[in-house]
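All remarks here apply to the structure that follows.
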Amino acid sequence: MASRFNPFKADGHWQSIWEKQEVFKAPPATDPRPKSYILEMFPYPSGRIHMGHVRNYTMGDVIARYKAMTGHAVLHPMGWDSFGMPAENAAMEKKVHPGNWTRQNIEAMKKQLKRLGLAIDWSRELSTCEPDYYGHEQALFLDFYKAGLVYRKESEVNWDPVDMTVLANEQVIDGRGWRSGALVERKKLNQWFLKITDFAEELLEGLDGLEHWPEKVKLMQENWIGKSKGLKLTFNLVGTHDGIDVFTTRPDTLFGASFIAIAADHPLAQSLAENAPRLQDFIADCKKGGTTAAEIETAEKMGFNTNLTVEHPLDPSWHLPVYVANFVLMDYGSGAVFGCPAHDQRDLDFARKYDLPVTRVVADGDETDSDFDGDVAFTGPGQIVNSHWMNGMTVDEAKADVIAKSEAEGWGEGQTQYRLRDWGVSRQRYWGTPIPIIHCEFCGVLPVPRSQLPIVLPEDVSFDVPGNPLDRHPTWKYVKCPNCQEPARRETDTLDTFADSSWYFIRFASQPADKPFDADEVKAWLPVAQYIGGIEHAILHLLYARFWTRALQRVGKIDFAEPFGALFTQGMVTHELYYREKHLTTESTVDEALVSYDYFSPEEIVRTSEGATLVADNQQVVVGRTVKMSKSKKNVVDPDPMFDQYGADAVRWFMLGDSPPERDLEWSESGIEGTWRFVNRIWRLVDGLNSPRASLGEVAAGTADGGAVDAVSGLTTAAPPPPASQAVPLPEQAQGGLDKALDKSLHRAIAGIGADIYALHFNKAVAKVHGLVNDIEKAKPSASRTAAIRTLPLLVAPMLPHLAEEAWAALGNEGLIAGQPWPSHDPALLVDDEVTIAVQVMGKLRDTLTVAKGTPKDSLETLALASEKVQRAMDNAVPKKVIVVPDRLVNIVL
RNA sequence: GCGGACGUGGCGAAAUCGGUAGACGCAACAGACUUAAAAUCUGUCAUCCUUUGGAUAUGCGGGUUCAAGUCCCGCCGUCCGCACCA
C-alpha cells in the first residue's frame, strides 16, 4: 500500500524532530567550518504574520539550509522589533498595556512562524522591548555619549495644538492631526541627536566596498548623504558690517543672482521679527504644516521682503534684495541661499511670483540673450554667458574659477557640504528605550551611572489622555542627582525605535547577560553574510545600522565597519482589490474626495471567469488593481489557513517560484493550488520507487483531521472521498542500463539549482526542479531514473524541507536530510556535444542547423548557404557579407 | 517637489556577454480514464495572414548595429523612499 504525503502530519512531525534534536542551533564560535550568518529583517509584532513575512523568511530559510548543506556553520536567528507606536495606539483604543499587547502578539506570531518550518536557532530569540535587550542599548548610548557622539539641540516636531501633543509624520494626514483634526504646526523642542554626520564621508566611501549590495540601494544612500562641493561666501549687508553666509553648489551662476533668501528660523529673520509684527506673522505662517520634506517642498513658495539689501561680492555697487522664504531649510548649509532663477526651478518660481529679474548665465545653444523667458529653468550643462570674464567657460571651469577667485580675494571659500543631517533620536513616547540621562538643576545634564542600568520602564502608566505617560507619571522621573544627591529628574524621552534595530544583529551573535555582546564571538559571526528585507528600508534602517556599527568601531567595541556583507531587497506580496463604491448620503456630486469604497477580503469573494461576486449577497463586486496587501484595503491573505489547507511546503514553493524575488509577488488561489499539486507530483515519484504497483492517491487539500476546507468560504466540509487510484507507475525494478539524457538532466539540475539558490534566483531554481521532474516522469525505468529520484529530495530540501525529510525517510535513508551534504555533479555531463545554430538572412531567422559543438566557421557558412530555406530567402542574391558566431548563429547580409 | 526603480503572451515569468524572444508555471481549451466529480495522464495555446509558408510583436517614439528585450536619446505609466510608520 502506497503511503501518501500528508503535510498536516508531516509538517508538525518534522518540526518537532528538528526542535528536539536542536538541528538548527548555531554551533559555538570555535566551530572550524566557514561561518555563514543569514539574517532577515526582524518583524514588528503587529499581531499576525503576513505574507510579506512569509516570503522574506522563506527566502532566508532556503539560503540558511543551502549553506548548511554546502558545509557552512550557520547562524540563522529570529527576534522581535517590539517597541513602537502601534502598541501605544492599542493601549489607547483597547485599554491594554502596550507590553501585554506586544508580548501576546509575539506569542501568536511565533506560533505562526514555526508552522513555516524555518531553520531557525530559537535559543537566540530576542525582543527589543525587554530590559535584557534595551538595558544594553542604554549602555551603548552611554558609550556614544562619552565619546562625544551624542548632543542636544533644538529641533522641530509636528505639534497638534488641540491635543497638545507631538505627532509622528504618519499621524499627520493632509496637514491635520489624525485624532483632533486640528491643523498641525511645527514646534521646537530640545532633543537628543547622534552625530551621524561625523561619519558622512566614511558612510559614503564605505558604499564602494559593498560589492554584494544592490546598486540601487547604494545609489539611494549616496544621494541621501548628498555630498556636494561648492562655495561658501558672504554677502555684505548694505550699510552694516554684518553679512549673510550662503552656501551654493552653483558658484558659476553668481552673475545670474537675483535675490537672497533666508530660512524663517535664520537668526537674522528672528532678530528682524522682534520689531516687525508683519514678519512675525509671516514666520508663523511658515511654521504651519508638518515637518516632512514632501510637504515643505510642495508647499507654495512664499517670501517676505525684508527691505534689506546685500552687495554682490563681484560688484559691490550691485545690490540684491533679501527675502525670508519658506522653501529655505535652516538644516542645510547655512540656512540661506542666493537665488539664480534662470537656472534653478524653485528660484524661478519664486522670482516670477515676486517679479524679480531673471538673467540667463548658462546657454546650451545660440540663445544667449540675458533675458530669460518662460517658466522652466535651464539646469543642464552649457557655456557661461553674460558673466564678464567667465564668458565661454564650461560650467565646471567656471565653478573652479569662481572658487579660486573667492579664496584669493577673501570673500569665500570652497566647501564640501552633505545633505545628511544628524539623527534625532528623542521621542516623546512611552513604548521605547528610556534615554539614560538625568537632568539636575545644579549639575546640568548627567549620564545615568552604569550601575543603575537598566533604566526600566514603569508598568503603571495611563493612556487615557494624549501626551507622554512617562512625563506625567507620578514618581518615575524623580531621582537623586548622581553627582550632588539633590532632587533631579530623569529624561522622559525614549529612543527612536530605529536605534533598537541598529544593533540587534550584533546581539544575536552573542548574548552575555552583563554586557551588550562579547567581541570575540561577534568577530566570529559578523558581518552578516546575507541580509534580506524590504526595499522600503533601503535608506533609513540600513544607514542607521551602518552608522551604529561604525560608531561601535570608533569607541573600540568591535573591529569591523560594515554590518551587512551582502544585502538583498525583496518585493512585496500583492493581491487584487475587491470593492464597491459607497453610496454617500450627502448631496455632493463630483467631489472626488467624497468618493469612498467598501472593500472586501478575498475570503468573502468568489472569483468567476467574468469577475467576482460577494458570497454574502451573490452580487458582483469590482475587481480592482493588484496592490500591496494591506489591512485597510482588506486584500490580505492570512498564512494560517493556507498552512491548514496546503501545508507549509506548498506555501513556501509558491513564495519562491512565482516571481523573481526582487519583484512584487501576486498571491493567487490558483497559484497555490498549482504548487500544492506539484508537491504531490514529487511525492508520487518517490513513492513510485518504493511501491511501484501499489495504488497511488492524493491526500485532498484539507485539514489535519481529514475534513476538506472549502477554498473560498474557509468552512470545513465533510471528510473527503477516499483517494482513487489512477496513474500506476511502471515498476522501477525493471531497471537496466543507464539513461544518458536523464543523467545529463539530473546533473544539470544539481549544478543549476545550486547556482540559482546561491545567486538568490529562487524562481529559476524552482523552474529547474520542474524541468527535472518533467524529465524523470517521461523517462523509462533505468538505474539513472532511480538515481534521479533518490537525489530529488536533496535538491528540494532547502525549499520543501518537510516533504524532503518525509521522502528521505521513505527512501530508507539514515538520519535527517537537513544534515546531508548537497549532491555533487559531474562537470563532464554539463557539456553539450551538439549545438543548434540559428541561420539568419538579413537578421531574420530562416533556418536552424544542428551541428557538432566547435564546428569551424567556414563549415558553418557552407552549411548555412546550402540550406533550402536560406536559398529561398536569399532569392538568388549574392551575399555581401556572412557573419558567423561559432556555436551560435550565422547571419547572411545581402 | 526631490531621490530610486520597474514596464515581455490572457496571467506570473525566462532569455547569465548585443546573437533562435516566450524555458518553466498559472489559467483556458480538446481528448483519455471515471456511473459522475475531483485527481491524474496526453495534446493545443503571442497576434495576424493568402498557413509545408510569411508578416508583426518585449509600454510609446526615435537612434546605433550585420543583429537590440538587452546599448543611447526623448516621452508615457506604475511603484518605493523623503529623516517621528516599522
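Letters A, B, ... mirror the listed sequences (proteins, then strands); counts begin at 1.
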- prompt: In whole Å, what is the span from the NE2 atom of A/His761 to the P atom of B/U16?
  reply: 11 Å
query: Is any side-chain nitrogen or oxygen of A/Arg846 closer than 4.0 Å to OP1 or OP2 of B/A55?
result: yes
- prompt: Would you say B/U40 has OP1 or OP2 under 4.0 Å from some side-chain N or O of A/Asn680?
  reply: no
- prompt: Reading nucleotides 5-11 of chain B from the 5' end, what letters show protein touch, with B for base, S for backbone sugar-phosphate only, - for no heavy atom under 4.0 Å?
  reply: S-S----
message: Roughly how many Å apart are B/A13 and B/C26, using the P atom of each and rounding to a whole number?
response: 15 Å
Spacing of the P atoms in B/U58 and B/U8 (rounded, Å): 11 Å
task: Go through the steps for A/Leu543 and A/Ile225 under the test side-chain contact (heavy atoms from CB on, under 4.5 Å), then give the verdict.
output: CA-CA 9 Å; A/Leu543 194 63; A/Ile225 294 167; 4.3 Å; yes
- prompt: Rounding to the closest angstrom, what is the interatomic distance between B/G61 and B/G9 at atom P?
  reply: 15 Å
message: If I pick the P atom on B/G43 and the same atom on B/A23, what distance separates them, to the nearest angstrom?
response: 15 Å
message: So A/Thr848, base contact, sugar-phosphate only, or nothing? Heavy-atom distance under 4.0 Å.
response: base
- request: May I have the distance from A/Ile225 (atom CD1) to B/C2 (atom C1'), rounded to whole angstrom?
  value: 17 Å
query: Sub-3.5 Å donor-acceptor pair from the side chain of A/Gln871 to the main-chain atoms of A/Leu865, do we have one?
result: yes
- prompt: Which of the following nucleotides, B/A14, B/U20, B/G25, is nearest to the side chain of A/Ala838?
  reply: B/U20
message: Here's a test of your reading of the structure: between A/Gly843 and A/Val766, which maps to the more 5' nucleotide of RNA chain B?
response: A/Val766
- request: Before accepting this row, confirm whether a basic side-chain N of the pair A/Asp832/A/Lys853 lies closer than 4.0 Å to the acidic partner's carboxylate O.
  value: no
- line: Correct closest heavy-atom pair for A/Thr102 and A/Pro45 would be CG2-CG, 3.8 Å
statement: Expected string for nucleotides 77-86 of chain B under the B/S/- scheme (protein heavy atoms, under 4.0 Å, primed atoms plus P, OP1, OP2 as sugar-phosphate) is -SSSSBBBBB
task: Find the distance A/Leu772:CG to B/C24:C1' and express it as a whole number of Å.
output: 13 Å
query: For A/Phe83 and A/Thr433, what are the C-alpha separation, side-chain angles and deciding distance, and is it a side-chain contact (heavy atoms from CB on, under 4.5 Å)?
result: CA-CA 8 Å; A/Phe83 272 139; A/Thr433 300; 3.5 Å; yes
- line: Looking only at B/A55, B/A14, B/A27, the nucleotide nearest the A/Arg677 side chain is B/A27
query: With a 4.0 Å cut-off on heavy atoms, is A/Ser46 in touch with a base, just the backbone sugar-phosphate, or nothing at all?
result: nothing
statement: Output field dot_bracket for RNA chain B (Watson-Crick or G-U, both distances under 3.5 Å, | for other-strand pairs) contains (((((((..(((......[....))).(((((.......))))).((((...))))..(((((..]....))))))))))))....
field: From CA spacing to verdict: side-chain contact (heavy atoms from CB on, under 4.5 Å), A/Val839, A/Leu845
entry: CA-CA 6 Å; A/Val839 183; A/Leu845 183 72; 5.8 Å; no
message: Just confirming the chi classification of B/G9, syn or anti, using 90° around 0 as the syn window.
response: syn
message: To the nearest 0.5 Å, what is the distance between CD on A/Glu88 and CZ on A/Arg429?
response: 6.5 Å
field: Anti/syn call for B/C17, syn if |chi| within 90°
entry: syn
field: Rounded distance in Å - CE (A/Met842) to C1' (B/A55)
entry: 16 Å
query: Should we count CZ of A/Arg179 as having more than 12 external heavy atoms under 6.0 Å?
result: yes
field: Interatomic distance, A/Phe678 CZ vs B/G12 P [rounded to whole Å]
entry: 22 Å
More than 12 heavy atoms from other groups under 6.0 Å of CD on A/Glu154: yes
task: For atom NZ of A/Lys633, decide whether the heavy atoms of other residues, nucleotides or ligands shown that lie under 6.0 angstrom number more than 12.
output: no
- prompt: When you compare B/U56 with B/A67, how far apart are their P atoms, in angstrom units rounded to a whole number?
  reply: 14 Å
- prompt: Between A/Val841 and A/Lys869, does a side-chain contact (heavy atoms from CB on, under 4.5 Å) hold up when you go through it step by step?
  reply: CA-CA 10 Å; A/Val841 177; A/Lys869 289 174 182 170; over 6 Å; no
message: Using a heavy-atom cut-off of 4.0 Å across all strands, would you classify A/Gln345 as base, sugar-phosphate, or nothing?
response: nothing
- line: The answer to which of A/Ile837 and A/Ile892 contacts RNA chain B further toward the 5' end, by nearest nucleotide, is A/Ile837
- prompt: For the pair made of NZ in A/Lys844 and P in B/G54, what is the distance, rounded to whole Å?
  reply: 11 Å
message: Could you tell me how far B/G69 sits from B/G19 if I compare only their P atoms? Round to whole Å.
response: 10 Å
statement: Among B/C24, B/G19, B/A55, the one nearest any side-chain atom of A/Leu889 is B/G19
field: Flag if over 12 foreign heavy atoms under 6.0 Å of NZ, A/Lys153
entry: yes
- prompt: On a whole-Å scale, what distance lies between the C1' atoms belonging to B/U47 and B/A38?
  reply: 35 Å
query: Looking at A/Asn763, does any N or O in its side chain come under 4.0 Å of the phosphate oxygens OP1/OP2 on B/A14?
result: yes
query: Between B/C66, B/C41, B/G19, which nucleotide has the shortest distance from any of its atoms to the side chain of A/Val893?
result: B/C66
Sidechain N-carboxylate O distance under 4.0 Å for A/Glu300, A/Lys353: yes
message: Rounded to whole Å, please give me the gap between NZ in A/Lys768 and C1' in B/A15.
response: 11 Å
- line: From NZ of A/Lys764 across to C1' of B/A15 the rounded distance in Å is 9 Å
message: In whole Å, measure the gap between the P atoms of B/C79 and B/G53 for me.
response: 45 Å
task: Report yes or no: is the cationic atom of A/Arg419 (NZ for Lys, CZ for Arg) under 6.0 Å from the centre of the six-membered ring of A/Trp224, at an angle within 45° of the ring normal?
output: yes
